Amino acid sequence: MRILVISPEYYTYGAMVVAGVCEEHGHSTILRRSPDPEALKRADVLILSLHSTLHLLDEYIIEIARQAHELGKPVIVGGPVSQVPELVLERFPNAIVAKGEAETGLPPLLQTLEDEGDFEDVEGIALLRDGEIVDTGWPPPADLDGPSPLKVPRDLGRQDVRGANVYIETHRGCPGACTFCQVPEFFGRRVRWKPVEAVLEEVRELTRGGARRFAISGGTVTTYGDDEEDFVELLKRLADLLGRENVSAPDVRADLLNERLLEAIRDYTIGWIFLGIESGSDRILRAMRKGITVDDVREAVELARTVGVRVAGSFIVGYPGETEDDLEVTEELLAELNLDDVFINLAEPIPGTELGRLVTELPEDEIPVLRPGEQLETEAGDRALQLQLTAFTTLSRPVPLTDDVFHEALHNIREDERKVLRITRFLRGAQGCT
C-alpha cells in the first residue's frame, strides 16, 4: 500500500516511527508536516499522527480526512490524542483510531487493511459502527530492546523545536503522577529504555536527514536506565558522537536530581536543565499531584548552581482552585530563585489526564481560564501576564521591560490563552457541560 503520514506543524519522533513502521512492513510511505492533497491522491491510506488537542479542531486536517473518505481511502488517526478515542471520533467519525504505540499497534491494523479483514479482530483500535464506538482495548507496549524503525525526512535539519531539530525518545514512561501530564497516562508509570547502542544507531540515522541538535525526550530524562551511571554513559556517548553543544537533556524533576546527574548534564550537554516548578504554592503542587514541594525546588536549583548547570523553570498558571495568594507566593519564589530563564504556561487540560477530566466536572466559575479577565480575556491570562512580567525582573540577568518586551509577552500569553480556552471549551462541549 501507499501511505501518507501527516505530522502537523513539525516532524515528531512518534510520526517518524509511524512512517518507519509502515515502511518496515513493505509499504511505500510519504511523511509530511501539513495536509497535502496532491500526495493524498497518490496514497491508498491516510494516517494522521496528531500530538495536540488543537489538531482535532484544525479545519485543514479535518478537510483532508474528509477528502480521503470521499476518495474511498481509509483514515487512521493516532498519536497522543488516541488516549481518548471518543473525542477523535467526534471530529473524525469515519476514521479508525490507532491506540497506543505504533510498533505493536500499527502492523496488525495495516495487515487487516490489506486483507480487507474485520477490524474488530484487531487489538488496540476504536471506530464507529452504527453510531456506537467499538473499542478493542490497548495493544501491548513496545519492546525497546533495539532501535525503533524511523523514516527520516530530508529536511529534518530545518526544523527547530525549542532549540533542537528533533527530540529523541531514549525511554518511555514516567514514575510521576502529575494531573496535567499525558506521559504516564499514555506510556505508563513503568519506565522502559533503549540500550545506548540502539539510541546511537537512531541518532546516526537522524543525522543523515540533516538533524544536528538533539534533545532527549520520553518523560523525565534522569529516569533513563537501571541507575545513574546508565544516564551518564548515554550523555557521554551522545556528546562524543554529536559534540556536547548539540545535546540537551532538558526536562527534569526537582526530586530526581543529584550531583552526579547534574555533573553529567554539565559536562556532556549544553549545560541547561528545564525544571518543572509549576507553582510556588505547596497547596497547588499537592492539587497537581506533582510529588514535590517548594523546598525540593529550592534544593534542586541550589544544587544545580553549585555544580554549574543553568536552570530554566516552567510555571503553570490558572490551575483550578488557584487563588491570588497562590500567585503571590509563586512571585515570591521567582524573586528568590533568580532563574536563568522562565516559561509561563496556562493550565492546558489534555484529554485523558486528570486535569482534562477536572475541567469537565467543575462549575465554570471554578476554572480560571473561563472567568473574565481585566487586561486579557480571562483571569488565567491576567495572572500569566503578571507572572511573566515578574519573571523578567527577577531573572539572573533581568530583562528591561521595554515596550517591545511587554508587547511580545502580551502576544505570547494571548496566544496561549486562546489555545487553552479553545481546548477547555471543546472538552466541556464534548461532555455536554453548560
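In what follows, residues are counted from 1 in the order of the sequence shown. Model, not experiment: these values are computed from the prediction.
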[X] and [Y]: which non-hydrogen atoms are nearest, and at how many Å?
X	Y	value
Leu144	Pro195	O-CD, 3.4 Å
Cys174	Val183	CB-CG1, 3.9 Å
Pro139	Thr104	CB-OG1, 3.8 Å
Thr330	Ser281	OG1-N, 4.1 Å
Ala98	Leu109	CB-CD2, 4.2 Å
Thr220	His171	O-NE2, 3.0 Å

Judged by atom type as modelled, is there a donor-acceptor pair below 3.5 Å linking the side chain of [X] to the main-chain atoms of [Y]?
X	Y	value
Arg172	Pro141	no
Asp416	Leu346	yes
Lys151	Leu31	no
Asn165	Gly157	yes
Arg189	Gly176	yes
Asn345	Ile316	no
Arg192	Ala142	yes
Asp326	Glu322	no
Arg190	Gly173	no
Arg310	Ile270	no

Could you check if a side-chain atom of [X] sits within less than 4.5 angstrom of a side-chain atom of [Y], using non-hydrogen atoms only?
X	Y	answer
Val77	Arg91	no
Thr179	Leu358	no
Val297	Leu337	yes
Tyr11	Val166	no
Glu361	Pro320	no
Val301	Arg305	yes
Leu106	Cys22	yes
Glu324	Arg383	yes

Contact list for residues 321-359, test ring-ring contact (aromatic ring centres under 6.0 Å, His included), sequence neighbours left out: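 Applying ring-ring contact (aromatic ring centres under 6.0 Å, His included) to every pair that reaches into residues 321-359, excluding sequence neighbours, yields Phe274-Phe343.
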
Of all pairs that satisfy ring-ring contact (aromatic ring centres under 6.0 Å, His included), the ones with a partner from residues 372-429, not counting sequence neighbours: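 Residue pairs passing ring-ring contact (aromatic ring centres under 6.0 Å, His included), neighbours aside: none found.
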
Distance-only side-chain donor-acceptor flag, Glu417 / Thr378, under 3.5 Å: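 Side-chain D/A pair, Glu417 to Thr378: present.
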
Gln386 and Gln375 side chains, donor-acceptor separation under 3.5 Å: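 No, no side-chain donor-acceptor contact under 3.5 Å.
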
Partners passing salt bridge (charged side-chain N to carboxylate O under 4.0 Å, His left out) against Arg213 (at least two apart in sequence or in another chain):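 Arg213 satisfies salt bridge (charged side-chain N to carboxylate O under 4.0 Å, His left out) with Asp160 only.
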
For Glu332, salt bridge (charged side-chain N to carboxylate O under 4.0 Å, His left out) partners two or more places apart: none

Side chain to side chain contact (heavy atoms under 4.5 Å, CB included) between Leu200 and Glu197, worked out: CA-CA 5 Å; Leu200 295 175; Glu197 291 300 336; 4.2 Å; yes

Using atom types as modelled, flag every donor-acceptor pair under 3.5 Å from a side chain in residues 13-20 to any protein atom, sequence neighbours excluded.
{"from": "Tyr13", "atom 1": "OH", "to": "Lys194", "atom 2": "NZ", "distance (Å)": "2.5"}
{"from": "Tyr13", "atom 1": "OH", "to": "Glu202", "atom 2": "OE1", "distance (Å)": "2.8"}
{"from": "Tyr13", "atom 1": "OH", "to": "Glu202", "atom 2": "OE2", "distance (Å)": "3.3"}

Aromatic ring pairing His51/Tyr10, orientation class (parallel under 30°, perpendicular over 60°, tilted between):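 The arrangement is tilted - the two ring planes meet at 30° to 60°.
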
Neighbour count >12 (heavy atoms, 6.0 Å) for atom [atom1], [X]:
X	atom1	result
Glu302	CD	no
Glu259	CD	no
Arg129	CZ	yes
Glu229	CD	yes
Asp227	CG	yes

Atom [atom1] in [X], atom [atom2] in [Y]: separation rounded to 0.5 Å?
X	Y	atom1	atom2	answer
Leu303	Leu262	CG	CG	5.0 Å
Thr136	Lys99	OG1	NZ	6.5 Å
Ser217	Asp251	OG	CG	7.0 Å
Ser314	Leu339	OG	CG	10.0 Å
Leu110	Ile76	CG	CD1	5.5 Å
Asn94	Arg66	CG	CZ	11.0 Å

Short N-O contact, Glu415 and Arg418, less than 4.0 angstrom: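 Counted as a salt bridge, because a side-chain N and a carboxylate O are separated by less than 4.0 Å.
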
Ion pair Arg283/Asp325, N-O distance below 4.0 Å: no

From CA spacing to verdict: side chain to side chain contact (heavy atoms under 4.5 Å, CB included), Asp340, Trp272: CA-CA 9 Å; Asp340 298 297; Trp272 280 77; 3.5 Å; yes

Qualifying residues under side-chain contact (heavy atoms from CB on, under 4.5 Å), relative to Thr293, sequence neighbours excluded: Asp282, Asp295, Asp296

Aromatic ring proximity Phe92/His69, centre distance under 6.0 Å: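 Not close enough - the centres of the two rings lie 6.0 Å or further apart.
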
Evaluation steps, side chain to side chain contact (heavy atoms under 4.5 Å, CB included), between Leu355 and Ile350: CA-CA 7 Å; Leu355 177 57; Ile350 299 174; over 6 Å; no

Stepwise side chain to side chain contact (heavy atoms under 4.5 Å, CB included) test for Glu278 and Met288: CA-CA 9 Å; Glu278 321 313 357; Met288 292 177 172; 3.7 Å; yes

